[in-house]
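Data block below; observations after.
All chains are named by letter (A, B, ...) in the order of the sequence lines, taking the proteins before the strands, and each is independently numbered beginning at 1.
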Amino acid sequence: MKNTIIISLVSLLFFTNACSIDLVPTDRYTEEIIWDSENSVELYLNGLYTEFRNFEFGRFDNIGTSNATDGLTDIMKYTSTASGNGTVNILATDASRYTATSPGISYWANAYTRIRRINEFIHGLHNYSQASDEDKLRYEAEARFIRGYVYSWLARINGSFVIIEDLEGHTKLDNPRSSEDDCWNFIASDFAFAGEHLPKTWKGVASNQYVGKATKGAALAMLARTWIYAASIAAFDKKLYNDDPLTGVPQEKATTYYENAIAAAQSVVALAEEGYYELEADFANIFRQSDNKESIFRIDYVTRFITHQYDFGFAPPGDAPGQAMVYGVPTAELVNEFEMSDGSTFNWSNPAHAANPYANREPRFYATILYNGANWKGRILNTTESGGADGFVQMGSISEPRKTVTGYYAKKMLDPENTSFIQNRSTQSWHEIRYAEVLLILSEAQILSDRLTEGKNTLNELRNKRGLPDVVANTKEQLFQAIQHERIVELAFEGHRYWDLRRWRLAHIKLNNVRFTGHKISDLGSGTIYETVSADTRDREFTERMYYLPIPLAETQRNNGLSQIVGW
Amino acid sequence: MKKDQWSIPEEIPVSKQELCTHEPSNSVSSFGVVTTRVLMRINIVTLMLIIGCMQISARSLSQTVSLTATAESLARIFSVVERQTGYYVMYSSNTVKNVPSLSITAEDMPLEVFLDKVLLPLSLTYTINEKTIMVTKAQENRSKSSLSKDVQQRTVRGQVTDGEGRPISGVTVRLKGTDVVSFTDAGGNFNISTTAQNAVLLFTGVGYGSKEINAGDAEMINVILDEAVSHLDEIIVVGYGTQLRRNVIGSVSQIAGEELQKAPAMNLTNTLAGRLPGLTSLQQSGRPGADNATLQIRGRSSYAAGQSPLIMIDGVQRSSFAYLDPSEIESISILKDAVSTAVYGLQATNGIILITTKRGKANDTKINYEGSFQIGQNTRFPEFLNAVDYMLWYNKGTDLDNDYRLHQNEDPVPYVYGPRLIRSIYDGTNTNPLFGQTDWVGDLLANNSQSQHHSVSVSGGNEKSRYFSSISHLDQGGVIKNTNFKRYNVRSNISSQLTNLLSADVRLAYRLEASKTPGISPDNTSYMNPFYQAAMMLPNLPKYTEDGVYTAHHSNPGWINPLASVEHSGYQHRNNSVFQGDVDVKFSVPGVQGLDLQLLVAYDKTSLEGKTWLQPYDLMGRSHEQRTGTFTALSTVPGITQTSLQQNHNQNNRMTFRPYVNFSRTFGLHDISLLGLYEWSKYRSSRLSAGARNFPLDGLHEIDYGSTSLDDIVAASGGSSVTARAGYVARANYAYADKYLLEVAARWDASVNFAKHNRWNMFPGFGLGWVASNEDFFSENLPFVNFFKLKYSVGQTGNDNVAQAFPYLQTYMLSTDPVYVLGGNPVSSIYTSAPPNIDLIWETSTTHNLGFESQWLNNKLGFDFEVFHRFTVDILNPASGIFPPTMGGFYPSVFNDGEMLNRGIDAQIRYSDQIDDFKYSVTGNFNWAKNKIIKRRESDNLPAWQRTVGRSFGEKIGFIADGLYQSWEETKDIVSPSGGIVPPGFFRYRDLNNDGRITRADDMTFIGRSNMPEIMYGLNIDLQYKGFDLSTLFQGAALSDVFLSGPYEGSSATSGIDATTVMSRTFYQRGNAPYFLVENSWTPDNPNAEFPRLTAGKAAMGAHNAHANSGFLRNGAYLRLKSAQIGYTIPAKVVEKVKLGGVRLHATASNLFTWDYLEYFDPEMPNVHNGFYPQQKLFAFGVSVTFK
């Protein structure tokens, strides 16, 4: 009997082998299933698109909370002086804040994390995917569209970066930087590939469920943007500002690259002629109507799930007393830039202009700027010093005023219907690239490659659509000035100005040793007084070496193949 | 086992009667329950036990014999006896060699009668020990002398009781100089026969001190034994078993449950500091329900994550013991060295904490009630500026900021607060409704908390079954409003001897932990926590507006009001129900003395229900620096913009299945015990969460009553995970003559964290002990040393702790929330995990432990000392921070990388004595553990002074601050590492590489130690005089540092980012400032200040001082009076009149005094904080009543 018990207990010890520890995770998918279906490929791609959100509404997330690079320029002034919301102000006035430890403006680490995801996707696509060759090309085109975009930011910031084009590259500890010229060409090749293999539109495909993905037009527009940057570096850098052996684009390539920009832009124009794109008649409508003809690539939002906080950040404070952030406001310099409706220049020394400065300005002014006396959400804005919630406050007197320091608020991309953005945030679309920009690129490239008439015509096409007469300019110099002006007013707050000044190598002139201004408005009852006041408490500072910002220390310390950009 | 290979000691002259009554000494072991000859008739028992796939059937057994034998051999007769009774008959073949064949007839004859009838004529005698009948030769001469009654035999009787008059059963009563022993019965009664005229009796009982009584010629003596005086005879809980302390080779520290009750700690993890050599603890929060101390055994052996000890409660792995009730605890022991932990294999490297819950004692039925009431206060929190001082200091800060502005060609700014305003507030004539005086910090946290604790336990039983049942309740209040913690514990432990062969322990425990905090939780890590708000809140605001609404201040992070945040922000409720059940069945294999088969099956289930209700609340805000106008009405504060409800339900369960075999027996001078074990456990967890928002009506906080608008739908979420492990354990202990001890242990273990080909490994341990004091030469030469044991062990243990399970698999995750909008719809995404590491293996530590245990001066003085050396290889190192960003995270999340050495000492010294009625004992504990990184993957480009190799884990990196700059002249060429201008009063950082620039990359180095102290010590003093007792524990730590400023800890978004806080930069983020900070900040009048330049935030000065640096480093060493308890036991005579067993009253204080280097904070504070829930100073009053 006892033997029976012993045997049964001992045998129990062996049965226990049945108690398995070979488990499968229940919180993740394993390799086998992922490349099986088209669905999972699409799901993977969805994640890649999120990269565009880092730059939505012209912001540059890597500076600090919701900081737009326009705040580093003459068109927008950030109101806070504290780090965080006011980091742009600190960076704009203190060049010593740019160091390899804290590069000030940096996208490096985030960029390569995204690049690796993209390269991983392309690797899987080529090696494991069961998709048809045609589909594979389309998937790869989408991925490379995003990769080109990511790299284009590194090119803008650092000039010379590490080109990693496949997964293999991410396993190395000694990847060198490439020359700036190679970098721009690499980006162009990604966009060109995307332009070749993406459809012209996603409308009508699969019940419209892919609307919002990259298209042929988007890729070609990005390609045009890429070439205008590369051409500008070639034309203006001339190795005047940096001794690094890898920065700069040979000056002799400028012509070719302008031609490339023209070609890319013209292929977008060709798509427009096919009916895909068109300049909107109502400028304000571009930013309010998500699905408009001018938009080439946009990001959409859906209440509750995918929202943004643009209204929270930029709406006049009277919209949500005590809560709205008022990160940045338009400068007097920007306001002055808007022409009169007849195309003449606005001038404070013109008594008629000065007496009624906000009357008879070109249409884009009213869509872009909220000024004293403007009608907004059912109230007449009062931005005078005694104007209450929306009133003016002197820059620097309060570290984070959350009110205007220039007398203006940025109107362009606000949603005038949204009165509950504190609770529900915002859902108006962001247009990453629009047809007007393509025309501006085309015009600039034509002018700077001495096709002045073509350039002027292109520019006038845009101006006329905006309700303005033809430009009064004839020489290349005048036309280049006109382009600069047009880009300011057309693209204000869309995050272009800082990068434009950099690529034209004008930043160290325009953003240095200067204070930008606002208008302190006093309503005396008998009349209104406009006083130009400094919106800066310190002089702006942009040193020449800032055209190539340093590579973060984490890279130079850990990558044996890479040296810091000379000068840092 | 062959029966002729062992012999019976035959030199002791005892009668058969004595032999039958008393056991031979060598069969007394700690493993068996010794029974006397009082054999009861046991009815037929059939037991069917079905557990899982197991089925055991036992045949009927009886204690009578029926047989008819004709000329049978004795061996045949014995085998019939064995079959019929289930008893096992043991005898040496020598004994029965010349026995003739027998004839006998018996019918239902009681076993003893039968044996007497058979054996006596053969000059054989027998003893019965448990189920074993041992047959030996009766000594001729002894029998004769006994029979001849040359010497008068008499019996001494008596009763053994403890100090409180309770009888003690199972005490061994030995006639000194002989092996004649007896045992007390359930009533504590004994009787022992002696022939001696002056019998000296030696009383020893487990858990009691031994006592020698000269009985003289008395026939009746009553003896009182004192509890637990004999340190060496304590039963020590070790892995999968117990050992007597004198036989332990491994490094094990143990504390009895009663000790834990000497402190009013609400959380068991906080009671251990300073009481156990080898244990380090750090308690960084005092919030009820979140006040767990971080425990480490012998410091840190690896730089990988997850270095906490494994916790086993009643032999089963369980996540935490923090919320067990102290009254449930029998003992807590910690296993430190390799031989004692080897049996836990892959999880053993960080040491093991073993908790044993109470069992009932036979014939000691009692009901015990413990009750106490506590009052708590914060140990420390800095005082913040009042309204007038705030404005004066703010203006002074403005002066310094203007100095800065002027040096930067910026326009100066005017004072915000003019003298008239300040004056009016000072003298109470202020009429500006925007201003007032409020002590926000004081109102928030200068309260007393109230707590109470009750526990009732019932325990007792008889020889057959014993029970311990208890129910307890703790209601722990917080100093912050709406913050408390409650727990309810129920336990029932039953031990039962089912048959002679089968016994079972069934332990069932359930507890409910309920914690409650405001919607914005008062934790250091939570966003906008109330401490933070209080520190930021301006004191020159009135508490309420004229309408009775709380005011608010616009600090940089948003609108704040600490009082409103704890009163109106909603709530977070967390109810955690924990069930823990296990059954341990033991089957004593008949025929093989000392062989047991055991099976433990445990099932634990934890079920957590959380409910978070957040609601916006009204505040009336005054902007920063606003002096005129009116308050702005605010209805949504940052972080809470609408009503929302989140409910989550998390559950996890663990199954443990463990069959095991124990064998332990004494063969003459050889003590052997063997263990074989298989253990398998599976842990599953799952979670489910749902919510609702925008409740149209307030009042009912249920998901059903949320908004039904599609826009307001909150998606539900859920998931699960599962892990399992398995292992085989073998262990052998051998002792020769109680002098030479040997232990060998090994575990073959598997973990799912590694690929199949790397899954199993063996972790061996080996230990040697030498009880030198048992050597003759030792006792002759060193009579004042009562006990001296030298011990050494070596072994390997493992660690499989990785941040995410299955690191050897390439996996893909689906985003829980949509990430992008396509076609107008939110879409999700899939992303890949880090690449897999299929070569990953466990981290292995090899530990050597050398030490001694000793008792001196008649056991009054004890001194134990151990030194250990642990070398860890293949450390499971998370890879981040090693590779360049261009790799884009394309590397496995964890590598086997690097080596680390950890070494140190533990020591304990004990002294106890008694002078008449005055008893005292002093116990000192000390441990020191220091680790060193030997090898680690680091970037080649790191400067030598930033390499962690050669340094200890957790050392703090930062700039060396050589004081403060004193003039603009000095600083004009200095560029801050964060960019920006450096004004006087900022730290002067040392340029380590002499390149003329201060950079984080080149000039930071190691400047401070880890927060976790290297040295921890405690001194426990117990005094007792008649009914009074006093117990005090001093506890200290040394060799640790804390940062006031530097890298943030805690909340994920800011963790690791260097920053100053409201405690280290004046008026930081538009906040208030503590007095200590402004008064010790640099100003031209205070050039030798402790803190940098005073500022009111009116100049855009850089974050220069925010870089981790030695100027903000403070020594974290401290010594505190951790607890002091005074008790009075009402004399037994008094309480007996009211039919009570005992009554003790006590008063306790904890964290009463602290001596340290931080005047304003608790020394166990977290690094870099904006205010945290400090440790609590507690005063408790309690009573303990026993009913019998």
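Atom CD1 of residue B/Ile974 and atom OG of residue A/Ser96 lie 12.5 Å apart, to the nearest 0.5 angstrom. Once rounded to the nearest 0.5 Å, the distance linking CD of B/Gln642 with CG of A/Asn424 reads 6.5 Å. Atoms CZ and OG1, on A/Phe421 and B/Thr641 in that order, are 12.5 Å from each other to the nearest 0.5 Å. Here the straight-line distance linking atom CD1 of B/Ile640 with atom CD of A/Gln423 works out to 13.0 Å at 0.5 Å rounding.
When heavy atoms are compared at a cutoff of 4.5 Å, A/Gln209 approaches chain B solely by way of its backbone atoms N, CA, C and O. For A/Thr93, no part lies near chain B; criterion is any non-hydrogen pair under 4.5 Å. Only the backbone of A/Tyr301 has a heavy atom closer than 4.5 Å to any heavy atom of chain B. Residue A/Thr99 touches chain B through its side chain alone, counting heavy-atom pairs closer than 4.5 Å. Heavy atoms closer than 4.5 Å to chain B are found in the side chain of A/Arg53, but not in its backbone. For A/Ile164, the part lying under 4.5 angstrom from a heavy atom of chain B is the side chain only. In this structure, chain B has heavy atoms under 4.5 Å from both the backbone and the side chain of A/Val302. Of the two parts of A/Thr303, only the side chain, counted from C-beta on, holds a non-hydrogen atom closer than 4.5 Å to a non-hydrogen atom of chain B. For a residue to count as touching a neighbouring chain, one of its non-hydrogen atoms must lie under 4.5 Å from one of that chain's; by this rule A/Arg298 touches chain B with the backbone only.
Of all heavy-atom pairs spanning A/Arg116 and B/Gly888, the tightest one is CD-O, 2.7 Å. Pairing each heavy atom of B/Pro943 with each of A/Gln557, the nearest pair is CD-NE2, 4.4 Å. Here the closest heavy-atom approach between residue A/Pro401 and residue B/Arg1070 is recorded as N-NH2, 4.4 Å. Smallest separation of non-hydrogen atoms from A/Leu43 and B/Ser828: CD2-O, 3.3 Å. Of all heavy-atom pairs spanning A/Tyr112 and B/Pro885, the tightest one is CB-O, 3.2 Å. Here the shortest heavy-atom pairing between A/Asp94 and B/Ile981 reads OD2-N, 4.2 Å.
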Could you go through the side-chain contact (heavy atoms from CB on, under 4.5 Å) check for A/Leu173 and B/Met887 one step at a time? CA-CA 8 Å; A/Leu173 282 164; B/Met887 287 182 79; 4.0 Å; yes
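Other residues, nucleotides and ligands contribute over 12 non-hydrogen atoms within 6.0 Å of the CZ atom of A/Arg515.
Two residues are said to be in side-chain contact when any heavy atoms from C-beta on lie closer than 4.5 Å; B/Thr832 and A/Tyr44 meet this criterion. Taking the side chain as every heavy atom from C-beta outward, B/Arg693 and A/Arg304 approach each other to under 4.5 Å. Counting heavy atoms from C-beta on, the side chains of A/Asn559 and B/Thr886 come closer than 4.5 Å. A heavy-atom distance below 4.5 Å is found between the side chains of B/Leu634 and A/Gln323. A/Thr171 is not listed as a side-chain neighbour of B/Tyr891, based on a closest heavy-atom distance of 4.5 Å or more. Two residues are said to be in side-chain contact when any heavy atoms from C-beta on lie closer than 4.5 Å; A/Arg402 and B/His554 meet this criterion. Using a 4.5 Å heavy-atom cutoff, the side chains of B/Arg405 and A/Thr537 are in contact.
Contact tally against chain B (heavy-atom pairs below 4.5 Å) for A/Phe305, A/Trp108, A/Tyr49: the top residue is A/Tyr49.
Across A/Lys172, A/His170, A/Glu168, A/Arg117, a single residue satisfies side chain to side chain contact (heavy atoms under 4.5 Å, CB included) together with B/Phe890, and that is A/His170. Screening A/Ile299, A/Leu45, A/Ile306 for a side chain to side chain contact (heavy atoms under 4.5 Å, CB included) with B/Tyr820, the sole residue that qualifies is A/Ile299.
Between the A/Asp300 side chain and the B/Val821 main chain, no donor and acceptor come within less than 3.5 Å of each other.
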